[in-house]
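Below: the structure, in structure tokens.
Only this structure's heavy atoms are used, side chains among them; waters, hydrogens and symmetry mates stay out. Residue numbers start from 1 in every chain, and the chains themselves are labelled A, B, ... in the order their sequence lines are given, proteins ahead of strands.
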Amino acid sequence: MTSVRTRFAPSPTGPLHMGGVRTALYAYLFAKQHNGQFILRIEDTDQNRYVPGAEEYIIEALTWCGIIPDEGVGFGGPHMPYRQSERKEKGYYRQYADHLINTGHAYIAFDSTAELEAIRKEAEAAGNHNWQYDNHSRLSMTNSLTLSAEETAKRMANGDAYVIRLKVEPGTTVSFTDMVRGDVSFDSNLVDDKVMIKADGMPTYHLAHIVDDIMMEITHAIRGEEWLPSAPAHILIYQYLGLADKMPQYAHLPLLLKPEGNGKLSKRDGDRLGFPVFPLEWKDPASGEISSGYREKGYYKDAFVNMLAFLGWNPGTEQEIFSMDELIKAFSFERVHKAGARFDPDKAKWFNEQYLRQQPEELLAEKFVLQMKQKLGNDDARATMPFATAAARLVKDRIYFEHEMIGMSTCLFESPTTYDEKVVAKRWNDKAKTFFAALPAQLNTVSDFTAENAKLAFEQLAAQQELKPGDVLQMFRVLLSGQGSGLDLFGMIALLGNEEVNKRIGAGRAALNK
RNA sequence: GGCCCGUUCGUCUAGGGGUCUAGGACAUCUCCCUUUCACGGAGGAAACACGGGUUCGAUUCCCGUACGGGCUACCA
């Protein structure tokens, strides 16, 4: 039995959409589950749409996600080159196309784009919305079927522009078994004569992916649902080639839909709704426009991959957190949902939160030290592991992303400049004033300034003054941080230290008593 | 318009003839914990698109309708 070989074949027309990443992920998971190979092929047959940097972006994005190709552009392999423009130079596609012509399954067509456009317009005006170049119309067009062999040869020798079209035989039902959809069938009468080789000599997707899949021994072709309508043409090509036995199994994946409204998820949605649609940040080379990326937004790659895997697939158990290895074991196309999946940015954040919670404390502390150094300067005494570890413990459960640590802990580094008015209005009374006048001295009696000891001292003083801790606790927080809510109060106090706490109490009293 | 695919809580989904008084997760609400907030815990509200069949019995099978999506290029 030959080994499973899947491929991801994007065209370098811009940054890789997260839907594309999911397609790559499923193809990768399936290949790895079967100890097979995952191949990255670049489909750059449309010279007009080529975007510089896109190819590098694709490779970097897949690499970041841990979806590492075994073969492909940037990775080498036994089927080089893996870029279709280069494979075209080798004559691969033309060879297959000529074979199809020689066996009567394809023909040369001279009709120009402008002519076709005119015909479509005319048909449209006559109420025919579905004119296509097919078995109904091809005999009234200018092609090697309607021209004599001599005339055709003459035109070609003349350098007249022509394309090679597939000659679809009418009257059959084309059916195949899709890995996610089951049996699907089409009427060949309705399949158009697809262009396989364009006037510029480049193959179209339809021919190119088949030739490459055959040559690269692809066993499973995994792609988006948008390809389903052209699947019958692809199956016919395999049949006409006499290579139906080489045809991979197809899997058409459901599309990713907008979080709200209609249609598939697009670049615009991210900009509009404030979440990334791309794995990595992308700067459009032409417009300079920047699209945000999951990596730059602070998502863990594992969380991103986990989230993506669950958009349209689920394991059938209640487990939601999956490592790549677990995904490889659990994945199956039978469990891919058939309907499009509406993307939910909240759930994406939730996944990241879960991964954040799982992070080892030490790792978080290391990142925190870096953030502190950036904010406070390299030499700041607080930007060290012991302090950062304690601080990380304080903020960890209140954030979705690592980069939020520093912002969540502002009160550890900055004295308040304003004080929560609501709390002040309610709690800054005579008793509180007396209490906080005495508190610094009380705190000075604490020899080991831990959270527990500071709390004890605080409660003692409150008891002495016949106050419930609740009467002055929130005010204490406001004096220290300016805010009515925030990090665990005594945890924060321990980190601030006796001296800083007293200083802030003093500053706060001065400000509020003015 | 034509063709193809789809349709379970707001969202992602489980379930594929009786076990469904339809399960989980996100979001939302309530309560508990807590000085607060968050975390955590407990609980609530919330869905089988509709109409016909088939069947003793349909969320589950079939057919229609509606709705959604995709495709309809010498783009992928």
message = Classify A:Ala199 by what it touches in the nucleic acid, base, sugar-phosphate, or nothing, heavy-atom distance under 4.0 Å.
response = base
key: Gap in Å between the two P atoms, one belonging to B:A49 and one to B:U59, rounded   = 10 Å
message = Does B:A76 have OP1 or OP2 under 4.0 Å away from a side-chain N or O of A:Lys198?
response = yes
Mate of B:U21 where both pairing distances stay under 3.5 Å, Watson-Crick or G-U = none
inquiry  = As a test of reading the structure: which of B:C3, B:U35, B:A25 is closest to the side chain of A:Arg477, going by heavy atoms?
reply    = B:U35
Atom NZ of A:Lys433 with >12 non-hydrogen neighbours under 6.0 angstrom = yes
ask   = So what does A:Asp111 hit on the nucleic acid, given a heavy-atom distance under 4.0 Å: a base, only sugar-phosphate, or nothing?
value = base
query = Is the distance between the ring centroids of A:Tyr299 and A:Phe401 less than 6.0 Å?
reply = yes
Nearest-Å distance once atom C1' is located in both B:A58 and B:G17 = 6 Å
request  = Quick one: label A:Gly486 by what it contacts on the DNA or RNA (base, sugar-phosphate, nothing), any heavy atom closer than 4.0 Å.
outcome  = base
ask   = Could one point to a donor on the side chain of A:Arg181 or the base of B:C5 with an acceptor on the other under 3.5 Å away?
value = no
Geometric cation-pi criterion A:Arg138 and A:Tyr133, 6.0 Å radius, 45° cone = no
remark   = Note: for A:Ser11 and A:Pro469 on RNA chain B, the residue whose nearest nucleotide lies more 5' is A:Pro469
task = Identify which nucleotide among B:G6, B:U35, B:A27 has an atom closest to any side-chain atom of A:Asp346, counting heavy atoms from C-beta outward.
result = B:A27
request  = Please work out if A:Arg335 contacts a base, only the sugar-phosphate, or nothing of the nucleic acid, heavy-atom cut-off 4.0 Å.
outcome  = sugar-phosphate
inquiry  = For a quick test of reading the model: is some side-chain N or O of A:His337 closer than 4.0 Å to OP1 or OP2 of B:A14?
reply    = yes
request  = Assign A:Lys264 to base, sugar-phosphate, or nothing according to its heavy-atom contacts below 4.0 angstrom with the strands shown.
outcome  = sugar-phosphate
task = Look at the side chain of A:Asp488 and decide which nucleotide, out of B:U35, B:C74, B:U72, has an atom nearest to it.
result = B:U35
A:Gln319 atom CD, over 12 foreign heavy atoms within 6.0 Å = yes
query = Among B:G1, B:C5, B:G69, which nucleotide sits nearest the side chain of A:Val184?
reply = B:C5
request  = Please give the nucleotide sitting opposite B:A45 as a Watson-Crick or G-U wobble pair, both distances under 3.5 Å, or none.
outcome  = none
query = C1' atom, B:U8 versus B:G15: distance in rounded Å?
reply = 9 Å
ask   = Is the distance between the ring centroids of A:Tyr400 and A:Trp350 less than 6.0 Å?
value = no
ask   = When rounded to the nearest Å, what value does the distance between P atoms of B:A42 and B:G24 take?
value = 12 Å
request  = Using the ring of A:Phe8 (Phe, Tyr or Trp, six-membered ring only), decide whether A:Arg41 places NZ or CZ under 6.0 Å from its centre and within 45 degrees of its axis.
outcome  = no
ask   = When you measure from the side chain of A:Gln474, which nucleotide among B:U36, B:G1, B:U11 comes out closest?
value = B:U36
request  = Pick base, sugar-phosphate or nothing for A:Gly224, based on heavy-atom distances below 4.0 Å to the nucleic acid.
outcome  = nothing
ask   = Aromatic ring centroids of A:Tyr57 and A:Trp282 under 6.0 Å?
value = yes
task = Would you kindly give the CZ-to-C1' distance between A:Phe322 and B:C12, to the nearest whole Å?
result = 14 Å
query = B:G18 and B:U60: how far apart are their C1' atoms, nearest whole angstrom?
reply = 11 Å
query = Can you check whether A:Asn314 has a side-chain N or O nearer than 4.0 Å to OP1 or OP2 of B:A14?
reply = yes
request  = Whole angstrom is fine here: how far is it from CG in A:Leu394 over to P in B:U36?
outcome  = 16 Å
key: Distance, rounded to the nearest Å, where A:Tyr250 contributes OH and B:C71 contributes P   = 17 Å
query = How is A:Arg393 classified with respect to the nucleic acid when contacts are heavy atoms under 4.0 Å: base, sugar-phosphate, or nothing?
reply = nothing
query = Which nucleotide sits closest to the side chain of A:Ala341: B:C12, B:G68, B:G1?
reply = B:C12
message = How many whole angstroms separate atom NZ of A:Lys455 from atom P of B:U36?
response = 11 Å
Any strand: nucleotide that pairs with B:G64 via Watson-Crick or wobble, under 3.5 Å = B:C50
task = Check whether any side-chain N or O of A:Arg165 sits under 4.0 Å from OP1 or OP2 of B:C74, and answer yes or no.
result = yes
ask   = Which part of the nucleic acid, if any, lies within reach of A:Gly263 when heavy atoms closer than 4.0 Å are counted: base, sugar-phosphate only, or nothing?
value = sugar-phosphate
message = My understanding is that a pair needs two contacts under 3.5 Å, Watson-Crick or G-U wobble. By that rule, which nucleotide pairs with B:G10?
response = B:C26
message = Closest approach to the side chain of A:Val163, judged atom by atom: which nucleotide of B:C74, B:G23, B:G40 is it?
response = B:C74
request  = Report yes or no: do A:Tyr355 and A:Asn306 form a side-chain donor-acceptor pair below 3.5 Å?
outcome  = yes
message = With a 4.0 Å limit, can you tell me whether A:Arg342 has a side-chain N or O closer than that to the phosphate oxygens OP1/OP2 of B:U13?
response = no
request  = Indicate, with a heavy-atom threshold strictly under 4.0 Å, whether A:Thr204 touches base, sugar-phosphate, or nothing.
outcome  = sugar-phosphate
message = Please give the distance between the P atoms of B:G10 and B:G1 as a whole number of Å.
response = 28 Å
remark   = Taking a pair to mean Watson-Crick or G-U wobble geometry with both distances below 3.5 Å, B:U55 pairs with none
ask   = Between B:A76, B:A25, B:G1, which nucleotide gets closest to the side-chain atoms of A:Trp350?
value = B:A25
key: P spacing across the pair B:C62 / B:C26, given as an integer number of angstrom   = 34 Å
message = Both A:Thr45 and A:Glu225 contact RNA chain B. Taking the nearest nucleotide for each, which residue is further toward the 5' end?
response = A:Glu225
Nucleotide nearest A:Leu228 (side chain, heavy atoms from C-beta), chosen from B:C5, B:C75, B:C71 = B:C5
task = Describe the nucleic acid contact of A:Leu190 in one word from base, sugar-phosphate, nothing, applying a heavy-atom distance below 4.0 Å.
result = sugar-phosphate
key: Nearest listed nucleotide, side chain of A:Asn130, among B:C39, B:G70, B:G1   = B:G1
ask   = Can you find a side-chain donor-acceptor pair between A:Tyr107 and A:Asp193 that sits under 3.5 Å?
value = yes
query = Are a donor atom and an acceptor atom from the side chains of A:Thr152 and A:Ser144 found within less than 3.5 Å of each other?
reply = no
ask   = Using atom C1' of each nucleotide, how far apart are B:U11 and B:G68 to the nearest Å?
value = 15 Å
message = Using Watson-Crick or G-U wobble geometry with both distances under 3.5 Å, which nucleotide pairs with B:C3?
response = B:G70
query = Are A:Lys258 and B:G69 close enough that a side-chain N or O sits under 4.0 Å from OP1 or OP2?
reply = no
ask   = CD of A:Glu353 versus C1' of B:A38: gap in Å, rounded?
value = 10 Å
